[in-house]
Amino acid sequence: MKDEAVKKMNHDKAIAKKFIAVLKQWTLLVSLTVGSIIYLLFSKTPLLQPVGDFLGPKMVSLLPVVIFIMLYMTFCKIDMHNFKPRTWHFALQIVRTSLSALVVLIIMHITSPEAKIVWEGVFIIVICPTAAAAAVVTEKLGGSIATMTVYMIIANCFTVIIIPLFFPMVERASNVSFIMAFFMVLDRVVRVLIFPLILGLLTQRFLPKVTAFIKRLPNAPFYLWAFNLSIIMGLSMQTLLHSPLSGTVLFLMIILPLFICILLFTIGKAVGGIWGYQERIDGGQALGQKNNVVGIWLLLHFLNPVCVIAPCAYMVWQNIINAVQLWYNQKHGYLKW
C-alpha cells in the first residue's frame, strides 16, 4: 500500500511538473486566454458584475506601473557597448514611413465608408511605434536589449514627425497639430521609456548589488508583461463585444491584422538579417511588435473610434506569433522565422 501511495505521489508530481512546464512554455497564450475568461466571467455573470465594474478600472490603472517596473528590470541588464544606433534602425523607419504613406494614398482614393474603416485600421497598425515589451521578448529570443531600446527611441522620434504629417490626410476632421502630436508622443516616450532607462542605468552604475539581484530574476520582466497582457486582452474583449461593426467589415478588421502582422515580422527579419542573425531577431520584433495601446488611444482621440478593433486584433496575433517563436527557440535553440 505504501509503495502504491509513493508511486501515485510521484505520478502526481510528474503531471504537475509537466503542467507547469507547459504553462511556462506558452505563457503568452495562457495570458490571452486568462484575460478573455476573466473578462467574460466578470462581465456576463450578474453576481460578479459589480466586482468587475469596481476592479476593472483599478487593473487598467496598473498597466503603466507594471510596464515601468518591467522595463526598469530589463534596462538594468543593458550592455552599454551595444547601446548605439545601427543602420538597420533607420532602414526600418524608412520601411514603416513608406508603408504608412502607401496606406494613406489608398485611403485618399477610397469612396466606400466601410472600406475606409478597414484601411484606417490598417493605417494605425502600420504607423504605430514599437511596443515597450519588445525589448523583453527580444531578450528571451536571444536578441539585444540595448539595440532594441535604441530602436524604440528612434522609432518614437520618427512617430513625432509622421503622425502630424499623415493624420490630416487620413481624417479630414482631425484637429491634430504638429505641436500637439509632438508633446503627446514625447510625454509617452519620457514616462514609459526614458525614465526607466535612466533609472536602470543609474542602478547599474551606483547600485551593483541591486543590479545583481535583478539579474538573478531573468524571467521576471517577461512574467510582468504576461500579467499586463491578460489585462490588455480583457480590454480587447470588451472592445470586440461592444463594437458597432458587423459582418464583412468586422471579419476583415479581425483577419487582416494577422496578414499585416506576418508581413511586418517578415520584412523586419529580412531587413535586419542583412546585418546578421541577432539583427534578424531584433528587426522582426522591431517592426512586428506594435504599441497597440498607443494606436487605440490615437484612434479614440483623432481618427475613427470604431477602427479600434484592428489594433486589438493585431495585439492578439502578434502575441500568438511571439508565443510560437518562443516555443520554437526554446525547443531548437535558434529562431527559424
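For this chain, numbers begin at 1 and follow the sequence in order.
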Kindly list each side-chain donor-acceptor pair under 3.5 angstrom involving residues 30-38, sequence neighbours excluded, with atom names and distances?
unit_1	atom_1	unit_2	atom_2	d
Ser31	OG	Thr27	O	3.0
Ser31	OG	Ala226	O	3.0
Thr33	OG1	Leu29	O	2.9
Ser36	OG	Leu32	O	2.9

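- Between Leu235 and Leu63 there is a side-chain heavy-atom pair separated by less than 4.5 Å.
- Cluster annotation: Leu71 is connected to Phe213 through the hydrophobic network of ILVMFWY side chains, with a link wherever side-chain heavy atoms come within less than 4.5 Å.
- Scored by the side-chain contact (heavy atoms from CB on, under 4.5 Å) test, Glu114 finds Ser112, Val249 as partners (sequence neighbours excluded).
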*Please walk me through it: do Met233 and Tyr39 pass side-chain contact (heavy atoms from CB on, under 4.5 Å)?*
CA-CA 8 Å; Met233 186 61 204; Tyr39 172 76; over 6 Å; no
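- In the displayed structure, Leu47 atom CG is contacted under 6.0 Å by at most 12 heavy atoms of other residues, nucleotides or ligands.
- Applying the ring pair (Phe, Tyr, Trp, His ring centres under 6.0 Å) test to residues at least two apart or on different chains, none of the pairs has a partner in residues 98-121.
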For residues 121-135, which side-chain donor-acceptor pairs fall under 3.5 Å, sequence neighbours excluded?
unit_1	atom_1	unit_2	atom_2	d
Thr130	OG1	Ala286	O	2.7

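- The cluster map of Ile, Leu, Val, Met, Phe, Trp and Tyr, joined by side-chain heavy atoms under 4.5 Å apart, puts Ile161 and Ile94 in different clusters.
- Looking at every heavy atom in both residues, Ala115 comes nearest to Ile110 through CB-CG2, 3.8 Å.
- Between Lys290 and Pro311 the shortest side-chain heavy-atom distance does not fall below 4.5 Å.
- With sequence neighbours excluded, the residues satisfying ring-ring contact (aromatic ring centres under 6.0 Å, His included) with Tyr151 are Trp88, His89.
- The closest side-chain heavy-atom distance from Arg96 to Thr159 is below 4.5 Å.
- The shortest side-chain heavy-atom distance between Ile107 and Met169 does not fall under the 4.5 Å cut-off.
- For the pair Phe42 and Gly52, the tightest heavy-atom approach, listed with the atom from each and the gap, is CD2-N, 3.8 Å.
- A distance of 8.5 Å separates OG in Ser236 from CG in Leu229, rounded to the nearest 0.5 Å.
- Expressed to the nearest 0.5 Å, how far CD of Glu120 lies from CE of Met253 amounts to 8.5 Å.
- Residues satisfying the side-chain contact (heavy atoms from CB on, under 4.5 Å) test with Leu250, not counting sequence neighbours, are Leu240, Ser243, Leu245, Ile254, Ile309.
- Using a 4.5 Å cut-off on side-chain heavy atoms (C-beta onward), Ile69 and Met73 make contact.
- Val324 and Leu141 end up in the same hydrophobic cluster when Ile, Leu, Val, Met, Phe, Trp and Tyr side chains are linked at under 4.5 Å.
- In this structure, Asp53 has no side-chain contact (heavy atoms from CB on, under 4.5 Å) partners at least two apart in sequence or on a different chain.
- For Tyr334, the ring-ring contact (aromatic ring centres under 6.0 Å, His included) partners are Tyr328, not counting sequence neighbours.
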Table please: side-chain donor-acceptor pairs of residues 255-279 below 3.5 Å, with sequence neighbours left out.
unit_1	atom_1	unit_2	atom_2	d
Thr266	OG1	Ile262	O	2.6
Thr266	OG1	Trp337	NE1	3.4
Tyr277	OH	Leu335	N	2.6

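- For the atom pair CG of Leu197 and CD1 of Ile194, the computed distance is 6.0 Å after rounding to the nearest 0.5 Å.
- Between Ile145 and Thr149 the shortest heavy-atom distance is O-OG1, 2.7 Å.
- Residue Leu62 holds its CG atom at 10.0 Å from NZ of Lys58, rounded to the nearest 0.5 Å.
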*asked:* Applying side-chain contact (heavy atoms from CB on, under 4.5 Å) to Val170 and Met108, what does each step give before you reach the verdict?
replied: CA-CA 7 Å; Val170 173; Met108 291 175 68; over 6 Å; no
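- Contact annotation: the side chain of Leu40 approaches that of Leu241 to within less than 4.5 Å [non-hydrogen atoms, C-beta and beyond].
- Among residue pairs with one or both ends in residues 131-146, those qualifying as side chain to side chain donor-acceptor pair (under 3.5 Å) are Lys77-Glu139, Lys140-Asn219, Ser144-Thr147; sequence neighbours excluded.
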*Full working for side-chain contact (heavy atoms from CB on, under 4.5 Å) between Asn319 and Trp225*: CA-CA 11 Å; Asn319 281 286; Trp225 166 238; 3.6 Å; yes
*asked:* Assess the residue pair Met70 and Asn228 against the criterion (side-chain contact (heavy atoms from CB on, under 4.5 Å)); give the C-alpha distance rounded to whole Å, side-chain angles, the decisive distance to 0.1 Å, and a yes or no.
replied: CA-CA 10 Å; Met70 173 189 76; Asn228 257 15; 5.8 Å; no
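- The two atoms that bring Phe166 and Ser100 nearest to each other are CE1-CB, 3.8 Å, heavy atoms only.
- Taken together through direct or relayed side-chain contacts under 4.5 Å among Ile, Leu, Val, Met, Phe, Trp and Tyr, Ile198 and Leu193 form part of one hydrophobic cluster.
- Here Gln49 pairs with nothing under the side-chain contact (heavy atoms from CB on, under 4.5 Å) rule; sequence neighbours left out.
- Summarising the geometry, atom SG belonging to Cys307 is positioned 4.5 Å from atom CG belonging to Asn304; distances are rounded to the nearest 0.5 Å.
- Note on ring orientation: taking the six-membered ring where Trp is involved, the planes of His332 and Trp327 are perpendicular (angle over 60°, cut-offs 30° and 60°).
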Got a list of side-chain donor-acceptor pairs under 3.5 Å for residues 199-211, not counting sequence neighbours?
unit_1	atom_1	unit_2	atom_2	d
Thr203	OG1	Tyr72	OH	2.9
Thr203	OG1	Leu199	O	2.7
Gln204	NE2	Phe75	O	3.1
Gln204	NE2	Cys76	O	3.1
Gln204	NE2	Ile78	O	3.1
Thr211	OG1	Thr203	O	3.1
Thr211	OG1	Leu207	O	3.2

